[in-house]
Amino acid sequence: MALRKGKDESFTVNGSTEQWISKCENALKKGGFTAVNVNRTLSQITANYKKLTVWGDITITLHDEGNKTKISAFSNANVDNLFALFSSPNKKIISQFKDNL
């Protein structure tokens, strides 16, 4: 069984939660994530990220804050491989999401 660790990162953006759910979904698809699952009731999106050196998943939760939206990204990735010694797989997953947003 793989050893996994998580990382959480939050940021606030202008616009409605509904608007950002679609943008986050598109960013995940554009970033190479698979099994993208959108739950509009919970304002949450989950996806897998499986590349040669990085295996993990991400959960994006959106919270309405007036005319702004708080986006919380939680990444959970395997850290028991040689490649994880050189760079954090969780940072790679969250960066892949944010860079495509």
Side-chain angles (χ1 to χ4, degrees):
M1 188 156 93
L3 179 63
R4 296 174 70 96
K5 287 191 178 179
K7 178 177 174 35
D8 193 18
E9 191 171 320
S10 298
F11 52 96
T12 304
V13 292
N14 290 322
S16 69
T17 301
E18 189 60 37
Q19 183 181 28
W20 280 99
I21 286 176
S22 298
K23 289 181 181 183
C24 290
E25 179 183 11
N26 290 336
L28 291 169
K29 289 178 180 177
K30 211 162 92 175
F33 290 83
T34 59
V36 178
N37 183 19
V38 178
N39 186 331
R40 294 191 186 280
T41 305
L42 296 176
S43 297
Q44 195 170 65
I45 306 167
T46 58
N48 295 327
Y49 189 77
K50 295 183 176 155
K51 301 297 178 195
L52 182 62
T53 60
V54 179
W55 277 61
D57 53 63
I58 191 167
T59 302
I60 310 294
T61 307
L62 296 95
H63 300 281
D64 193 23
E65 294 184 343
N67 61 348
K68 295 185 179 197
T69 299
K70 181 179 179 183
I71 300 175
S72 298
F74 178 77
S75 171
N76 195 18
N78 294 357
V79 294
D80 60 348
N81 62 50
L82 181 63
F83 301 105
L85 295 174
F86 301 107
S87 66
S88 168
N90 284 307
K91 280 185 182 179
K92 282 185 181 180
I93 291 172
I94 290 177
S95 290
Q96 191 66 19
F97 163 65
K98 287 174 63 177
D99 291 348
N100 287 291
L101 194 58

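All values derive from a computational prediction rather than experimental measurement. Note: hydrogens, waters and symmetry copies are ignored here, and every other heavy atom, side chains too, is used.
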### Query
When you measure from the side chain of Trp55 to the backbone N and O of Asn48, does any donor-acceptor pair fall under 3.5 Å?
no

#### Entry: Within 6.0 angstrom of Lys5 NZ, more than 12 heavy atoms from elsewhere
no

### Message
Can you confirm whether the side chains of Ser10 and Ser72 place a donor and an acceptor under 3.5 Å from each other?
### Response
yes

### Query
Just by distance, do the side chain of Gln96 and the backbone of Gly31 share a donor-acceptor pair under 3.5 Å?
yes

### Message
I need the minimum non-hydrogen distance between Ala47 and Val36, along with the two atoms involved.
### Response
CB-CG2, 3.9 Å

### Query
Between the side chain of Thr69 and the main-chain N/O of Gly15, is any donor-acceptor distance below 3.5 Å?
yes

### Lys98 charged N/C atom sitting above Phe11 aromatic ring, 6.0 Å / 45°
yes

### Message
Count I, L, V, M, F, W, Y as connected when their side-chain heavy atoms are under 4.5 Å apart, and connections chain through other members. Are Phe33 and Phe74 then in the same cluster?
### Response
no

### Task
Verify, without hydrogens or angle tests, whether Asn39 (side chain) and Gln44 (backbone) share a donor-acceptor contact under 3.5 angstrom.
no

### Message
Tell me whether Lys70 at atom NZ has more than 12 heavy atoms from other residues, nucleotides or ligands lying less than 6.0 Å away.
### Response
no

### Query
Is there a side-chain contact between Cys24 and Leu101 (heavy atoms, below 4.5 Å)?
yes

#### Entry: Charged N-O contact under 4.0 Å between Glu18 and Arg40
yes

### Message
Within the structure provided, determine whether Asp57 and Thr46 are in side-chain contact (heavy-atom separation under 4.5 Å).
### Response
no

### Message
So Tyr49 and Val54, do their side chains get closer than 4.5 Å, heavy atoms only?
### Response
yes

